[in-house]
Every structure is written in structure tokens, then in C-alpha cells.
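Worksheet: one structure, shown below.
Throughout, protein chains are lettered first and strands after them, A, B, ... in sequence-line order, and every chain is numbered starting at 1. Computed over heavy atoms, backbone and side chain alike; hydrogens, waters and symmetry mates excluded.
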Amino acid sequence: MASLQPVRGTQDLLPDAQRRHRAVIDTARDLAARYGYQEIATPIFEFTDVFSRPIGETSDIVSKEMYTFTDRGGEEITLRPEYTAGIVRAIMSNGLTQSLPQKLFGAGPMFRYERPQKGRFRQFHQIDVELIGVAQPLGDVEIISLAANILDAFGILKRTVLELNTLGDTASRVAYRAALVEYYAGHRDGLSEDSLRRLEKNPLRILDSKDEGDKRINADAPLFEKYLTPEAQDFFGKVKSGLDTLGIAYQVNSRLVRGLDYYCHTAFEFVTTDLGAQGTVLAGGRYDGLMGVMGGPETPGVGWAAGIERLALLIDEPAPPPRPITLAPLGDKAEAIALGIAQSLRKAGFNIDLGFSGNLKRRMQRADKIKARAVVILGDNEIEKQIAAVRDLDTGEQVEVALGLLEERLKPFR
RNA sequence: GCGGGUGUAGCUCAGUUGGUUAGAGCGCCAGAUUGUGAUUCUGGAUGUCGCCGGUUCGACCCCGGUCACUCGCCCCA
């Protein structure tokens, strides 16, 4: 039955995998809270405009990667391909533009219709941090430092490189873009097919081309530094010196650009060589123009997103789940008593696995398989004497315990 | 969307120039042990060989298509 296959690019997160995701999210959320970032959740789908307008019709995300459909009410709906636009919309919808800055953390699924690869899915998950209403470079420094702290908490900061660039302010970018277009237009014959398309859609992208011919042309391409306004240079300088102050290492990569139209000033990526072609583990930047484009008041913002699947591939095995104590009642009478015991032990904070069926051997096997710490055996013999047999599964030691003392005597196994 | 590789048991994988009953390890089930797991021993079941079609006396093997996975490109977390 082909329908038993999950949809291409989706995956089941079985408990072991989900525990890795959970570890990523929980660690990130805790650290973000230490910086004063509160968790937010926005809908998984929005009106299509929320994404298509700010992200830009010419971008790959909008032109070919969105899961868009018309719902039964005739509304154009899109499954979110990224978090930022939805969060910014939520801030406007709820009037939070009156209480800035907003420091927000989010985590959840995103959807992009792409060809799946290692660390790349059609439904994937991101953690996301947004700082909205802060125009100062100190904000950029803060979220980058949060990102570095999170990666460090995962033990993978050493395996990544922070690449940093500036896209300048609007004046800088417009001037530079014009200079690039003029330059490349003069070299049309030598450009790759991909770059000819980029020339129309996003000329900055050509700078990052892997094509050899493009690289030769890029060698003499105009440099962004010459087109940066003094203000933009000053901004970039402050971001860099802030990172220096914190001892956060970075490499300026002038070819690092952004596919999304609303980015300006700071652009950064933490990249690794351990994930094949999907080297970017966490990426973000400043988007001062976004809220204005979406019809709200001009409000600066800066943020990043990280792929949970990619992080989960890199982190160490998270702590195993707590080991339960298995209750093994034998017979109807024992079952009734065990139900009550399970209830009160759980209320007392014990992690109790109550067996449902099987003879004692079966129950012991199951207890072993789920790595139970101990088994409480309740059979007719025990009930008659008002005791339970408590077996330590690690040592094999077994003792008889009066039912009234059970909670006390099980404490070592908690 | 484009190009390469791979699909055999629940999992990881063997499978001879195309030859008739398709294998191993792990896991699973049962027994040794009818109230005692893990360990040990014995036995058992694994299966549309991804799917559809073609070539052939005969296809897990060759060919075509298709689906999935995977690596790279595009793009991105």
C-alpha cells in the first residue's frame, strides 16, 4: 500500500528522534529566557499575502516552494515557510507595536516544497529568535551572542564558523545593486545560466556562485565596501566590535547575501562542514524594512532561525527518559489493588509503569525491555500477607515490603 | 526543477556469468524455567526481492518506466 508511505519530505519523529528535537528546543528556550526572550506561538498557516509580500515574489521561496491552497471559504492560505513574517504579523495584529521592544522565541514546523536531502525536508522544524523594535547594533550583537551560547550549550559551537556580512542600508544596497547589474551586464557572455537568472532576480547572489566562469568574473566585480554609506559602515563596525568584546569569533564573508528582500545591514550564518551540502545550521539578520512592507509602522527588527533537524544531527545523545518502576499484578484482585497503588505512587512523583497483561515472565521481560528500575510483584501470596515483592532489576535482589511501607521503600528507585 | 547512486526479513546487509527450496547477524516468538527479567542453550517464523511492464524456456539479477531514499546543483534552516 503506497499510501502507508509518509508524504515525501516528511518524517515520523519516533520517540528517540523526538527526544533529540525536544532537547534542542528546551535548551534554546531556556537560554533565550535568560536573555529575556519569551516564547510565542503563531499559526502554522497564514493568508498567503503575509509571506508573499515581504519575502518577495521573485524569491525561490515564494515562486516555487510555498505550500499554498484555497480553503473552503475561498481564502488563499499558505503553510508558513519561515517564522519571521508570521511573528511580525502577530505583533501588528495584537497592537504590540505599542510595547516595544519585543523579545520573542518560537519553535515549530515550517513547510517548503523542495527536493529533500540530508538535513532538508518539506516539513522541517526551526527554533527562532526575534528582537523587534531595536534599531541599535547592540541588538544584533545580543541575538548573535544568544545564538553562540545556544550552539555552545549543544557542544557544537566549535564545529561551526560564524560568517558575517553587512547588506548595508537601503541607499548602500540600491547603489551597489545598480553597480553590480551594470558590471555583470557587460559580462553576460561569460555568465552561467544560473547567474543570468540571478542577474534578473537577485544580482547579489552571483557573488556567491560556485561556477568557475562566474568566479573569474566575480574577481573583478565592484566591492560593496565602496558603496556603503558612512552610517552603514559605522553600524557594521559596531556589530563587529560588540562581538569582539564578547570574544565571539567570526569571519567576514562579503559574498554572504540573503535571498529575502527585507534584509538589511547585518547578515550572518553559523555554518558547519559536517552536514554535506546543508552547511547552514543557524542564520539570520536584520530586517528593518519588513514591518513597513507588511503595512505596519516602520519598525526595525533583527532575528535568526535554526534548523532543528540539522542541530539534532549534531548534538550528543540527550539524557535517556527516566526509568520507571513496573507494577506487576497477577490476578483480578491484585490488579484492583495495583491500580490504587499506581495512583498514589504517581501522585507522590514516582514514574510508574503498570503492566496490562501477561504472566509474570512476560511482565518481567517487558519491564526489562523498557529499562525499569524495579518491579513490584503483587500476587495472591503477597496480597494474603499484605506485602509486595520488590525486585531490583539492576542487582536482581528481591525483598518483601509491607504495602503500607511501599512508598518509603521505593524511594531509592525513584 | 536538473544530474548521479541505491531499493532483498522489523533493523543492518550478503546473494555466484540469469537456473528452479532467497541467506546471515541483530531483533521477534516459543521452550529449557506453569510466580521471575537481563545472561545461556534449543527450536521457530521472518519476505509480493519497492511497484508496473518488457526481454527470456527461466529474472532478485538484464532493459524501460515509476515511486521512495540518498549525494550533488539550484535554493535554503
Practice task
Using only side-chain N and O atoms of A:Lys369, determine if any of them is under 4.0 Å from OP1 or OP2 of B:C28.
Solution key: yes
Handout entry: Pairwise C1' distance, B:G58 and B:U12 [rounded to whole Å]
Key = 32 Å
Practice task
Return yes if the base of B:G35 and the side-chain atoms of A:Arg363 contain a donor-acceptor N/O pair under 3.5 Å, otherwise no.
Solution key: no
Exercise for the section: Report yes or no: is there a donor-acceptor pair, N or O only, under 3.5 Å between the side chain of A:Gln398 and the base of B:U36? Expected result: yes
Practice task
Report which part of the nucleic acid A:Arg366 touches: base, sugar-phosphate, or nothing (heavy-atom distance under 4.0 Å, all strands).
Solution key: nothing
Practice task
Give a yes/no on whether any side-chain N or O of A:Arg362 is located under 4.0 angstrom from OP1 or OP2 of B:G35.
Solution key: no
Practice task
Taking the six-membered ring for Trp and the single ring otherwise, decide whether the centroids of A:Phe105 and A:Tyr37 are under 6.0 Å apart.
Solution key: no
Problem - Phosphate OP1/OP2 of B:C69: any A:Arg8 side-chain N/O under 4.0 Å - result: yes
Handout entry: P spacing across the pair B:U48 / B:U42, given as an integer number of angstrom
Key = 29 Å
Problem - Nearest-angstrom distance, C1' atom, B:A59 to B:G19 - result: 10 Å
Practice task
Have a look at A:Phe121 and say if it touches a base, only the backbone sugar-phosphate, or nothing, with a 4.0 Å heavy-atom cut-off.
Solution key: base
Handout entry: Carboxylate-amine/guanidinium proximity below 4.0 Å for A:Lys238 and A:Asp140
Key = no
Practice task
Would you indicate, yes or no, if B:U70 has its OP1 or OP2 atom less than 4.0 angstrom from a side-chain nitrogen or oxygen of A:Lys118?
Solution key: no
Practice task
May I ask you to test the A:Leu256-A:Leu164 pair for a side-chain heavy-atom distance under 4.5 Å?
Solution key: no
Handout entry: Whole-Å gap separating C1' (B:C73) and CG (A:Leu196)
Key = 16 Å
Exercise for the section: With heavy atoms under 4.0 Å as the rule, sort A:Ala283 into base, sugar-phosphate or nothing. Expected result: sugar-phosphate
